[in-house]
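What follows is one structure encoded as structure tokens, with my remarks underneath.
Order of listing sets the numbers, starting from 1, for every ligand and every atom in it. The basis for the numbers below is simple: all heavy atoms, side chains too, and nothing from hydrogens, waters or symmetry mates.
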Amino acid sequence: MRALIVGRFQPFHNGHMEVIKKILEEHSSVIIGIGSAQYSHTLRDPFTAGERHLMISMSLEEKGIVNFYLVPIEDVNSNPLWVAHVEALTPRFDSVYTNNPLVRRLFLEKKYDVRSVELMNRTDWSGTSIRKKMLDGKRWEDDVPEQVVRVIREIDGVQRLRDLAMQD
Ligand code: ATP
Ligand code: MG
């Protein structure tokens, strides 16, 4: 049985890692959809789909996890078309993991087995809070897998975020 989870992963953090491990306790493989794939270089979506792909694949492989498929998914801005759009890009899947009520509704209407996972340590393990820590010069490195720290250093990601926050 294969499961799907879609996130923006800006950046991929420890909460995402825990969810993926939980999913793989119940499924033989997981499709990880990199949502809003067309966006990068904004305060909400600083990293490109390729950079996020690298963060996720390196982190999972480092943990010995190989039963995952990474699929970049651009927004379609049409709720009724969303599920068909995802299906067109991904291998077949049986279950969908989401905490988002709209995503839940859309997949339920297409008869998918929709499941939720409880949010863990949400104060720290949240993309928004990690991006804020980066901007404020606070320690964010403990909230993401080590490989994510490496990728963000390599692309000078924190400075990118700070540059994006500057006004001309
Ligand atoms: P942002 O604040 O940028 O929205 P995020 O931390 O919510 O970032 P997303 O990429 O939006 O990350 O998350 C994708 C999915 O990952 C969420 O819908 C949620 O199901 C799951 N998730 C995110 N953070 C956690 C967490 N701390 N514990 C469990 N699941 C999480
Ligand atoms: Mg979110």
*Any protein heavy atom sitting closer than 4.0 Å to atom 29 (C) of ligand 1?*
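Yes, at least one protein heavy atom sits under 4.0 Å from atom 29 (C) of ligand 1.
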Which residue holds the protein heavy atom closest to [atom], what is that atom called, and what is the gap in Å?
atom                    : answer
atom 14 (C) of ligand 1 : Gly7 CA, 3.5 Å
atom 1 (P) of ligand 1  : Thr128 OG1, 3.5 Å
atom 31 (C) of ligand 1 : Leu119 CD2, 3.5 Å
atom 16 (O) of ligand 1 : His16 CD2, 3.3 Å
atom 7 (O) of ligand 1  : Arg122 NH2, 2.8 Å
atom 3 (O) of ligand 1  : Arg131 NH1, 2.8 Å

*Okay, side chain of Thr48, backbone of Glu51: is any donor-acceptor separation there less than 3.5 Å?*
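Such a contact is found between Thr48 side chain and Glu51 backbone.
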*Any donor-acceptor pair under 3.5 Å linking the side chain of Arg2 with the backbone of Ser28?*
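No.
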Check this for me - ligand 1, [X], N or O atoms closer than 3.5 angstrom, yes or no?
X      : value
Gly127 : yes
Asn121 : no
Thr98  : no

Please list, in number order, the atoms of ligand 1 under 4.0 Å from a heavy atom of [X].
X      : answer
Trp125 : 24 (N), 26 (C), 27 (N)
Phe9   : 10 (O)
Ser126 : 6 (O)
Glu118 : 29 (C)

*Determine whether any heavy atom of Asn99 lies closer than 4.0 Å to an atom of ligand 1.*
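Yes; Asn99 lies near enough to ligand 1 that a heavy-atom distance drops under 4.0 Å.
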*Does ligand 1 have an atom that lies less than 4.0 angstrom from a heavy atom of Arg8?*
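Distance cut 4.0 Å: Arg8 passes for ligand 1.
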*His27 and Tyr97: aromatic ring centres closer than 6.0 Å?*
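Ring centres of Tyr97 and His27 closer than 6.0 Å.
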_Check for me whether the distance between the ring centres of Phe47 and Phe9 falls short of 6.0 Å._
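So the answer is no for these two rings.
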*Where does the angle between the aromatic ring planes of Phe12 and His16 fall among parallel (under 30°), tilted (30 to 60°) and perpendicular (over 60°)?*
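Because their plane-to-plane angle is under 30°, the rings of Phe12 and His16 count as parallel.
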Proximity of [X] to ligand 1 by residue part, where a heavy atom lies under 4.0 Å:
X     : value
Val19 : side chain
Glu18 : neither
Arg44 : neither

[Y] side chain reached by [X] side chain, heavy atoms, under 4.5 Å:
X      : Y      : result
Met134 : Ile130 : yes
Asp45  : Ser40  : no
Gln147 : Glu61  : no

*Under a 4.0 Å N-O cut-off, is there an ion pair linking Lys132 with Asp136?*
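Result for this pair is yes, salt bridge flagged.
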_Salt bridge present between Glu141 and Arg139 (N-O < 4.0 angstrom)_ =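 Salt bridge flag = yes for Arg139 with Glu141.
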*For atom CD of Glu146, decide whether the heavy atoms of other residues, nucleotides or ligands shown that lie under 6.0 angstrom number more than 12.*
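No, the 6.0 Å shell around CD holds no more than 12 heavy atoms from other groups.
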*If you draw a 6.0 Å radius around CZ in Arg160, do more than 12 non-hydrogen atoms from other residues or ligands fall strictly inside?*
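For Arg160, atom CZ is crowded (more than 12 foreign heavy atoms under 6.0 Å).
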*For atom 26 (C) of ligand 1, which candidate among Met120, Lys132, Lys22 holds the nearest heavy atom?*
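Closest candidate by heavy-atom distance is Met120.
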